[in-house]
Amino acid sequence: MKLRVRFLINLSTVALLLVVVFGFLVKHMIDDRISKELDESLRSYFSQSHAIVQNTMNTMANHLNLIASDDLILDFFALPGEYRNPAYQNGLSRELQRYITYNPSYLSVAVLMLDGREIIQRNRKDHLAEGIDSYVQVLVDEFGKEIPTQFHLFVSKQYNMSVLSAYYPIFIGTPEDLTLSGMVRITVGMESIFNELRSPRHEAFFITEHQAIYDPLSSNAELLRTVTAIDQLVEHPFEVLTGLMSGGIELVVMTSRAAWLVEGWEVSIRSTSLVVLATAALMLLFFVLLSRQVLTPIEKFSRVLLKADPIVEVPDFLPDRSDEIGLMQSRFQELMRRLNRSSRVLEQQAYTDSLTGLPNRAALYKLLEYHLNRPHEASFAVMFLDLDGFKKINDFYGHKFGDMFLRRVTERLRGLIAPDQQFNVRDLSLQENYLFRLGGDEFTVILSDAQQVAIVADKIIKSFQNGFSVNDQLVYAGTSVGIAICPQHSIETSRLLQQADLAMYSAKRQGKMRYQLFNDELEEIESRRLYVEYRVRQAIDQKLFHAQFQAKVDTDTQEIIGFEALARLTDDEGVAIPPNDFITIAQEQGVLDLVTFSVLEQSCQLLQQLEQSNLVAAINICPHQLNDIRFLSAMRYILWRYQVLPHQIELELTEDQIIENSGEIARNLNLVRGFGFRTALDDFGVGYSSMGHLKRFRFNTLKLDRIFVSEEDFNSDTARAIINAIRMIASILDMEIVAEGVENGMQLEFLRRAGIPSAQGYYISPPLDQEPFVEFFKAGLN
C-alpha cells in the first residue's frame, strides 16, 4: 500500500476520534489549562522578579567587591587614622562618585570606618541612609574571614520610603591574621526595584523582620500594610509563591484567582464553538502540507533510488519496511558503509607517509595529544633522529636514489625499534614502540619503556656504522639523536617535541653520531641563541655593531704601526656578546658582509682621523666572502669614500678556514692582492699549521698564535729555536711576522730579542673604542 493512502486513512481515523472525545474532555481541559496557566504565570513572574532582585543584589555585591579590592581603598585603611588626610579622602570620594555616575539607581555609596565615621557619595538626598548605620555595629561580629556580603532592608515611616543596603567588609593583614578595618556600603531605593516588578496581573512585596515592604502604588496596599507573615494571606483569594533571598529577605509574589477564573470561562466558551471547525481545517491543511513537503519528495527520491544498481546481501541495521522509506533505509545504509570505508582509507592516508609507509607528523601529534591527557599512562621517551650526510647523498646521487635510501633506513630502523609495527591510526597506543617519519631525513621514535632509551639510542647509532645498499651501491650516513622523556621533561605535546629537537641539534653540534638527553641547559642555550639572532638582526637595522681597535707596535721602538679591528656587539643591558656567538649567527643568516662593512667603515674613519698613511688596519674575514666580486667592490667603494689606500687594509684569515677548497681560496687571495689589499694568516702555529700553506697562499703577514708567548716555557731554547725557524722561513718568503697575545714585558722582550718585528696584546693595549684609541695613539707620538 502506498504511503500516501496509508497516511490519509490514519489521519482521518485520528480526526474522527478527536471530534468524538473532545466533547467529553473540553471542560476538564479548560479548567486544568487555566489552573496550569495561573501556576506557570505566577512561577514565571516569581522567576523574573527573583532574577531582577538577585541581579540587583549581585551587581551591588560585585561593585562592593571591586570597591573593597581597589588599591586606593586598601591603602587608605592600611594607613593609621592620623595619616588619612582630606586629600586622600577626596580621592576616595571621586572613586565612589564613579559608581554613582554609572548606576543612577544607587542612592549612595559609602566607606564606613569602625569608629562611626564615613565617606559617602549620594545620588540625591538619602534621608534614610543617615539613620541606618546604627546597624553597622551589629554587622561587625557577623562578618567572618570568608567575606560575605550582607543585605538589609530598612523602612522609614517618617520619610515614607524603603531602601536596600549592602555591606561588604574590608580586612587588612596577612591571610593568617586578618583584621576587620571597615566596610563599604551601597544603598538602593526600593522604588526603583518596584518599578521593574510591576505587572498587570501580579504583585510582589518583601517580608523582613516581621514587616512587609510593598509597592506604594499597589492596589492591595491597605491589605499589605497589615501583613507580617504569609499565613495572613490564606483567607484571601490569592495564589502565592515565596522565596528566601540574601539577608533573610523573603520575596513574595501573588495573583488573584478570581480574575483568572473569569478569563478561563471566556476561553472555554470560545474554544467550544471553534474547536470542531479548527480541528477539521487543521487536519486538512496538515495533510496538504505534509503531502507537498514530505510525501511527494519522498516518492520522487524513491523513484531515483530505484534506478540505482541494487546492492545485495547487505544486512540491515534499520527496521524492515515495505514502503519508500524502507527502500531509502536500505540504500542509505549501504551508502553509509561505503562512506565509512572511504573515510577510513582517507584517514589512514592522511596519517601515513607516502614514501616509507610510516605514520607521519600528523599521526605523531594525534598519538601524543590523545595519550598525554590520560594521567594513568606510564612514562615514555620521544627520540628525534636526523640523518648526518643525507643532503650530500641526495645531491650527488639524485632525489630518486635519496628516496630509495630513505626506504632502506626505514627498514633498518623498523627492525631495531618496532619490527612488528602494524600502523592503524585508530589503534595507536603508547603501550607499543612506534617509528614516525616527519619529513625529509627526520624520523621520530616513541619508545614505550623510557628506561631503555639509552640502550635503543646506542643501538640505532651503531647500526649506522654499516653502509646501506641501494641499487648495488654502498652508501654511508650517520645519525644524531635527541631524547625527551614524558613526564620527566614535559607533559605538553609541542614542548616535548621541541625538547627532543633541541637535544638532537645539541648532539649534532657535539660532533654527530651520538645521542643527547634533554636538559634545562639546552633550553637556556637555545634561548640565548634565539636572542643573539634577534640582536644581530636588530644591530643590522639600527647600526648597533661597533669596532674596537687593538694596536700593533714595533717591538724595538714601541711605535704603533697598525691595529686590528674587532667587531663588537652588546645586548640590551650593555653586556658584550662574545664575537664567536654573533659572528657565527651572522654568517648563518647571510648578513656577515654587513658586519664586515661596518667594521671596515669604522676602521677607515679611524685611519682618516689619524692621517698616517703607513698605518695598516687588519680586518677579519671569511674565505667565502672572497668568492663574491661585489664584496670586494663594496670594500673598494668604502675605501674611496674615506680616501684610504688599499694597502692600508689587511684581510685576515685563520688556518682552519683555508683547508677546504684550498685551490679556490688561493685564486681568490691572488685576486685580493691584485686589488691592492694585504693578506694575513691568523693564528699560525695551532691546528692545521703547515709549511705548505705558507708556500701556496703567499700571505703578506704571518700572525703567530698566542701559544708561542703564553706558555710557561716561552723563553726556553726549544721555543727560541722554533721562533727562529719561523722567522727565517717568513724572511725567505718575504712575509712580515706579528706575534699575538703579549701580556707582560718579559714576553715583549723575548720577541724583540728573537727578531719578531711587531706584536700586539693586552700588555701593549686592550681593544679600545675609536676615541680612546686616538688618545692612546697620540700619547705614543709624544
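Given the structure is predicted, the values throughout are model-derived calculations rather than measurements.
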Set out, in order, the CA-CA distance, both residues' side-chain angles and the distance that settles side chain to side chain donor-acceptor pair (under 3.5 Å) for N670 and R673, then state yes or no.
CA-CA 5 Å; N670 290 331; R673 284 189 288 270; 2.7 Å; yes
Counting neighbours of CG on D395 that are heavy atoms of other residues, nucleotides or ligands and sit closer than 6.0 Å, is the number greater than 12?
yes
Can you tell me if R636 uses its side chain to pair, donor with acceptor, with the backbone of F675 under 3.5 Å?
yes
Tell me whether R412 contacts the main-chain N or O of S463 through its side chain, where contact means a donor paired with an acceptor under 3.5 Å.
yes
Between Q499 and S490, is the side chain to side chain donor-acceptor pair (under 3.5 Å) condition met? List the steps.
CA-CA 9 Å; Q499 290 169 343; S490 180; 4.7 Å; no
Can you confirm whether Y531 sits close enough to D581 that some side-chain heavy atom of one is under 4.5 Å from a side-chain heavy atom of the other?
no
When you measure from the side chain of R727 to the backbone of A754, do you find a donor-acceptor pair of N or O atoms at a distance under 3.5 Å?
yes
Counting only heavy atoms not in R706, do more than 12 fall under 6.0 Å of its CZ?
no
Could you tell me if E736 and S758 have a donor-acceptor pair between their side chains, going purely by distance under 3.5 Å?
no
L364 vs V382 side-chain heavy atoms within contact, under 4.5 Å
no
So, using salt bridge (charged side-chain N to carboxylate O under 4.0 Å, His left out) as the criterion, who are the partners of R537 when residues are at least two apart?
none
Do L387 and F405 have side-chain heavy atoms sitting under 4.5 Å apart?
yes
Taking NZ in K508 as the centre, count heavy atoms belonging to other residues, nucleotides or ligands within less than 6.0 Å. Is the count above 12?
yes
Quick check on F631: does its CZ atom have over 12 non-hydrogen neighbours (other residues, nucleotides or ligands) under 6.0 Å away?
yes
Any heavy-atom pair between the side chains of D441 and V409 that's under 4.5 Å?
no
Passes ring-ring contact (aromatic ring centres under 6.0 Å, His included), F545 versus F582? Steps please.
CA-CA 10 Å; F545 283 107; F582 69 79; 5.6 Å; yes
Checking N700 side chain against T679 main chain: does a donor-acceptor pair fall under 3.5 Å?
yes
Using every non-hydrogen atom in the two residues, find where Q760 and V738 come nearest and quote the distance to one decimal.
OE1-CG1, 4.1 Å
Under the criterion salt bridge (Lys or Arg N to Asp or Glu O under 4.0 Å), which of D571, D541, D572 is the partner of R535?
D572
Other residues, nucleotides and ligands only: do more than 12 of their heavy atoms fall within 6.0 Å of CD1 on I491?
no
Whether over 12 other heavy atoms sit under 6.0 Å from D734 CG:
no
I'd like to know whether T584 forms a side chain to side chain donor-acceptor pair (under 3.5 Å) with E588, so could you lay out the CA-CA distance, the side-chain angles of the two residues, the decisive distance to 0.1 Å, and finally the verdict.
CA-CA 6 Å; T584 301; E588 292 174 356; over 6 Å; no
State plainly whether the residues E411 and R407 are in salt-bridge range, i.e. N to O under 4.0 Å.
no
Check: E521 main-chain N/O paired with N519 side-chain donor or acceptor under 3.5 Å
yes
Give the C-alpha distance, both sets of side-chain angles, the deciding distance and a yes or no for side chain to side chain donor-acceptor pair (under 3.5 Å) between S480 and D388.
CA-CA 7 Å; S480 301; D388 303 328; 3.0 Å; yes
Charged N to carboxylate O under 4.0 angstrom, E650 versus K552?
yes
Are P623 and L653 packed together at the side-chain level, in the sense that at least one heavy-atom pair is separated by less than 4.5 angstrom?
yes
side-chain contact (heavy atoms from CB on, under 4.5 Å) with F384: of L438, L502, V445, only one passes, and it is L438
Do D501 side-chain atoms and L497 backbone N/O form a donor-acceptor pair below 3.5 Å?
no
For M383, the option from T444, I417, L435, V453 that meets side-chain contact (heavy atoms from CB on, under 4.5 Å):
V453
Could you tell me whether Q451 atom CD has more than 12 heavy atoms of other residues or ligands within 6.0 Å of it?
no
